[in-house]
Amino acid sequence: MSSSTSSSKARWGGFGRTFLVAATLLVAALLVLAFLVDPYDSGRSPLKLKSGVSPQGPRTAAASRGRDPHFSGAIFGNSHIQLVSPEQLTQLTGAPFVSLIAPATGARESLVLLDWYLRHRKEPAQALVIGIDVRWCVSDPALAIEKPFPFWLFERSTASYLAGLVRFDVIEETLRRLRYLSAKVPERARPDGYWDYEAGYEVQGFHSDPGRRAKLLEPLDASGGNVAGPFPAATALRQLLDRMAPDVPVVLVRPPNFVSALPVPGTVGARADAACRDAYAKLAAERPRTALVDWRIDRPENRQPDNYFDHTHYRQRIARPLGADIAGAIIGLR
Amino acid sequence: MLFNSFAFLLGFLPLALALHWLVERFAPAWRLPLLALLSFAFYGWWDWRFMPLLAFSILLNWLIAEAFLKTKRGMLITLAIAINLAILALFKYFNFFADLAAMIPGLPTTKLDLALPLGISFFTFHHVMYLTDLRRGEAPRYDLVRYALYIAFFPQVLAGPLVRWREIMHQFDERPYQRPDAAERIARGIMLLTIGLAKKVLIGDPLSEYANPVFAAAAAGDVVSMAQAWQGTLAFTFQIYFDFSGYTDMALGLALLFGIVLPQNFDVPYRAVSLQDFWRRWHMTLSRFLRDYLYIPLGGSRHGLPLQLWALFATMALGGLWHGAGLNFVAWGVAHGVVLAIGVLWRRAGLPMPKLLGWALTFVFVAFCWVLFRASSFDAALVIYKGMLGLSPVGTGFKWRAFLPAIAVAMIGPTAWAAVHKAPPARWLAVLTAILFVLVLFKIGDDANYEFIYFQF
């Protein structure tokens with residue numbers, strides 16, 4: 001072998017080794033940086049950092065909000081409970097509320113957030129509000145999800161959290177977090193997590209487009225079709241609630257639906273709806289200080305098309321009295 | 001298992017490389033059985049139920065090849081090819097033909113709810129290539145392990161490239177890590193794998209965010225504006241290139257890590273100045289297969305113009321059907337066949353075609369045809385075409401900047417293969433490759449990780 005061939009062979013060998021070392025070091029450096037900077041303010045960094053996060057989606061912001069010791073009450077669920085204002089509940093009950101809802105999620109995500117919230121309480125919570133929509137009525141024990149959710153962020157194991165940090169979103173958020181931490185007056189995401197969706201729906205024409213208005217009047221089966229059970233989400237919720245003090249008031253809310261999405265009596269949908277409602281009514285009856293507030297019924301507010309953007313997304317005209325009902329239930333449970 | 005997944009990049013690949021190195025070093029006789037085993041494990045990861053199908057397919061074809069070598073009866077090869085095509089038809093085309101039959105009033109039809117085994121279109125063609133060449137007396141006998149590896153070698157089993165037996169079989173008998181250029185091959189393999197991942201994950205996948213909503217709107221029957229139609233079509237035009245050529249780069253790079261050189265599949269296709277030129281640059285190994293095993297047997301170019309045009313048309317129509325069991329894919333193939341035939345007539349007539357005009361016409365035609373490829377139905381394709389031709393509102397918000405990186409890499413840059421083979425063994429390049437690899441790794445970690453478009457074929 002000539003010396004030039006030998007030298008080339010050595011240099012190519014060095015290429016492979018350099019690649020491996022550089023890639024390993026870079027991954028390690030990025031992970032250490034992300035762990036220390038704690039991009040979503042999950043409280044895992046050993047450093048004392050500014051609390052809160054810059055404006056971002058509720059899925060990741062929930063890590064910071066959920067461990068904020070100020071909030072002794074919390075709302076869980078998806079966009080079907082999103083319009084219930086934590087400010088209103090705070091005002092009416094005296095307990096500071098945070099909204100830990102995440103749109104387009106189901107029971108599995110809510111249970112993870114509820115667990116996260118409970119894990120970070122030094123004092124027992126003063127009240128919990130949980131939106132129980134059709135996604136809580138499934139029989140699938142896996143509680144399948146529809147949209148990506150950052151389960152890794154709420155993991156108990158540090159190794160799983162570190163594995164979860166290997167994502168490009170984390171690099172981007174780490175840079176934003178560094179800006180947030182270094183700014184004197186950083187723009188902070190709303191601490192109580194409230195997000196009024198009305199403007200967004202208005203812009204999309206949900207309230208003005210005749211086509212969308214016409215669709216609202218069309219019947220929709222929103223029962224989920226699970227007539228015979230089981231209801232694994234109810235079981236999982238019961239197990240989670242059993243871990244905390246029995247005197248914490250819990251309000252299960254069946255969110256309002258427009259009348260065209262309510263089950264027609266005598267149909268399979270009606271039986272499925274009743275079966276699901278009964279599962280959560282049973283939970284409410286068996287656990288102390290637990291109430292079921294059911295707005296998924298035929299009531300005057302649910303007959304007004306102007307109160308709804310679509311079958312399941314209502315407006316403030318409903319959210320306010322619903323909030324008052326929930327607050328009343330909490331006060332009644334004390 | 002996707003190449004662009006943690007399970008593959010951080011699990012299967014390092015383990016496979018370590019085992020392969022150990023066996024190559026200490027028990028070289030076991031190298032090929034190990035590679036075959038790894039390939040089956042890789043294939044079975046998707047859906048273990050298809051492993052027996054792959055094994056059965058390999059065993060049956062090998063046994064028939066053995067029988068042919070003993071008896072020299074050509075009927076056996078015809079039978080084997082017919083069985084392969086029948087299995088492919090059962091899994092891939094049964095419902096397509098059932099739908100066609102249903103169009104005939106009074107004809108009772110039935111449908112099968114079968115999942116499509118991944119890579120079946122590709123490994124069927126590998127069988128056909130070997131068996132045909134065996135009958136021609138060009139291919140030798142191989143033992144079962146070598147034949148299994150030819151069909152199932154994991155870098156190429158799912159979506160090619162379509163490798164001829166003569167390109168790969170002799171390489172299986174080498175001691176790849178004893179070669180003087182072993183380290184160079186590994187380094188170039190790492191670069192190719194990284195560039196392929198980057199093409200797919202950093203350029204191709206993000207383009208789907210521009211294509212998917214437009215084609216979804218068309219499928220829903222919504223009006224698609226001119227700006228949206230062009231946005232969606234161009235996004236898919238580049239997405240499919242970066243997706244498929246990225247996959248091929250990964251396959252070539254992975255094979256190099258195991259000491260195997262696979263054939264190239266792309267040569268800057270969107271720089272083609274004619275449709276004929278395009279097919280010499282796009283999915284080159286399929287073009288080669290269609291030419292050698294379909295177009296030439298159908299008549300080719302040496303038996304008169306009418307037969308040549310017919311062979312071209314039939315080859316492309318069948319090529320379209322190979323891509324997918326739907327009339328839209330047939331229409332895509334037919335459109336290519338017709339325009340290729342027009343190209344033949346144009347050249348025969350001696351008519352001129354300036355290169356710039358030829359490039360523009362080719363690119364626009366290819367992009368137009370991708371609509372048939374991507375749209376979920378003819379109606380949806382029609383909605384897009386109306387938009388592209390200005391028969392719907394002009395619209396606003398054409399995001400041309402989104403295409404700049406894709407255009408730059410697809411049009412100006414060299415192929416990944418060419419770039420990697422010119423690369424020097426420099427330390428800075430290794431660091432740069434590592435940075436790109438880590439970026440891709442973090443991008444893969446995001447929740448939006450996409451399968452390869454060509455897996456459905």
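In what follows, chains carry the letters A, B, and so on, assigned in the order in which the sequence lines appear, proteins first and then strands, with residues in each chain numbered from 1.
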pair Arg188(B)-Phe15(A): side-chain heavy atoms closer than 4.5 Å: no
Lys50(A) atom NZ, neighbour heavy-atom count above 12 within 6.0 Å: yes
Nearest-0.5 Å distance that lies between atom CD in Glu184(B) and atom CZ in Arg11(A): 11.0 Å
Heavy-atom proximity to chain A below 4.5 Å, by part of Leu436(B): neither
Part of Ala182(B) within contact of chain A (heavy atom distance under 4.5 Å): neither
Side chain to side chain, Phe442(B) and Asp169(A), heavy atoms closer than 4.5 Å: no
Side-chain touch Thr194(B)/Phe19(A), heavy atoms, less than 4.5 angstrom: yes
Greater than 12 external heavy atoms within 6.0 Å of Arg119(A)'s CZ: yes
Donor-acceptor contact present, side-chain Arg167(A) to main-chain Asp446(B), <3.5 Å: no
CD1 on Ile186(B) to CZ on Arg17(A), rounded to 0.5 Å: 10.5 Å
When Pro424(B), Ala183(B), Pro425(B) are compared by non-hydrogen pairs under 4.5 Å with chain A, the top option: Pro425(B)
Contacting region of Ile190(B) [heavy-atom separation from chain A under 4.5 Å]: side chain
Distance-minimising heavy-atom pair for Leu26(A) and Ala434(B): CD2-O, 4.4 Å
Chain A contact via Ile435(B) - side chain, backbone, both or neither, heavy atoms under 4.5 Å: both
Contact origin within Leu20(A) toward chain B - heavy atom pairs under 4.5 Å: neither
Arg188(A) atom CZ, over 12 foreign heavy atoms within 6.0 Å: yes
Atom CH2 of Trp152(A): over 12 foreign heavy atoms under 6.0 Å: yes
